[in-house]
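Read through the structure below, which is laid out as structure tokens, and then see the notes.
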Amino acid sequence: QVQLVESGGGLVQPGGSLRLSCAASGRTYSGYGMAWFRQAPGKEREFVAAISWNDDTIYYANSVKGRFTISRDNAKNAVYLEMNSLQSDDTAVYFCAAVAGPGRYTGLHQYAYWGQGTQVTVSS
């Protein structure tokens, strides 16, 4: 199993940037596909970005493409989400997720392990 802890959320003005981090612990982190999801108040949890275990495949939701960048550092057991040009619609709790194997998934139910989430609020 792998345990996930997110950090880096906060309050940012529209047009600003944030970098989220997800620290992983447990078995063979490099053997997991990783992803970020988000959930806004009153809405379902939705896919944001995913990265495969060897970085050969990266997916983004259309709503964040060109503004967000997902990356991972297997040596540090971490995955990151660089968020630029933030908009009010990006306000949500952001969750890190993991699945054993290559990953390359965008579906919520395809991920077995979840962090507790970190709040991102975009407001002036």
Run the numbers on W114 and L108 for side chain to side chain contact (heavy atoms under 4.5 Å, CB included), then give the verdict. CA-CA 10 Å; W114 293 84; L108 178 70; 3.3 Å; yes
Checking side chain to side chain contact (heavy atoms under 4.5 Å, CB included) for the pair S21/K76: CA distance, chi angles, key distance, verdict? CA-CA 11 Å; S21 298; K76 295 183 178 180; over 6 Å; no
What do the steps show when you test F47 against Y59 for ring-ring contact (aromatic ring centres under 6.0 Å, His included), and what is the final call? CA-CA 10 Å; F47 170 76; Y59 296 119; 7.1 Å; no
Let me see the working for T91 and Q119 under side chain to side chain contact (heavy atoms under 4.5 Å, CB included), right down to the final yes or no. CA-CA 8 Å; T91 294; Q119 176 70 48; 4.1 Å; yes
Show your reasoning for whether side chain to side chain contact (heavy atoms under 4.5 Å, CB included) applies to C96 and W36. CA-CA 5 Å; C96 177; W36 288 95; 4.1 Å; yes
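Listed for the R72 side chain is no donor-acceptor partner under 3.5 Å among the backbone atoms of G33.
Here OG1 of T121 is found 13.0 Å from CD of Q13. Values are rounded to the nearest 0.5 Å. In this structure, OH on Y80 lies 11.0 Å from CD on E82, to the nearest 0.5 angstrom. The CZ atom of R19 sits 11.5 Å away from the CE atom of M83 when rounded to the nearest 0.5 Å. Annotation: the span from L4 atom CG to Q116 atom CD amounts to 9.0 Å, rounded to 0.5 Å. Rounding to the nearest 0.5 angstrom, the gap separating the CG atom in N74 from the CG atom in N54 is 9.0 Å. A distance of 4.5 Å separates OG1 in T57 from CZ in R104, rounded to the nearest 0.5 Å.
Using a 30° and 60° split on the angle between ring planes, F68 and Y94 fall in the tilted class, from 30° to 60°.
Y60 is not connected to F37 by any chain of hydrophobic side-chain contacts under 4.5 Å among Ile, Leu, Val, Met, Phe, Trp and Tyr, and they are in different clusters. In terms of hydrophobic clustering, with Ile, Leu, Val, Met, Phe, Trp and Tyr side chains grouped at heavy-atom distances under 4.5 Å, V2 and V5 are assigned to different clusters. If you chain together hydrophobic residues whose side chains sit under 4.5 Å apart, I70 and Y113 fall into the same group. F95 is not connected to Y32 by any chain of hydrophobic side-chain contacts under 4.5 Å among Ile, Leu, Val, Met, Phe, Trp and Tyr, and they are in different clusters. The hydrophobic clustering, which links ILVMFWY residues whose side-chain heavy atoms are closer than 4.5 Å, places Y111 and V93 together.
The only option from D90, L81, L18 that meets the side-chain contact (heavy atoms from CB on, under 4.5 Å) definition with V120 turns out to be L18.
Under the rule for a side chain to side chain contact (heavy atoms under 4.5 Å, CB included), D89 has no partner lying at least two apart in sequence or in another chain. Shown here are the side chain to side chain contact (heavy atoms under 4.5 Å, CB included) partners of N62, two or more places apart in sequence or in another chain: K65.
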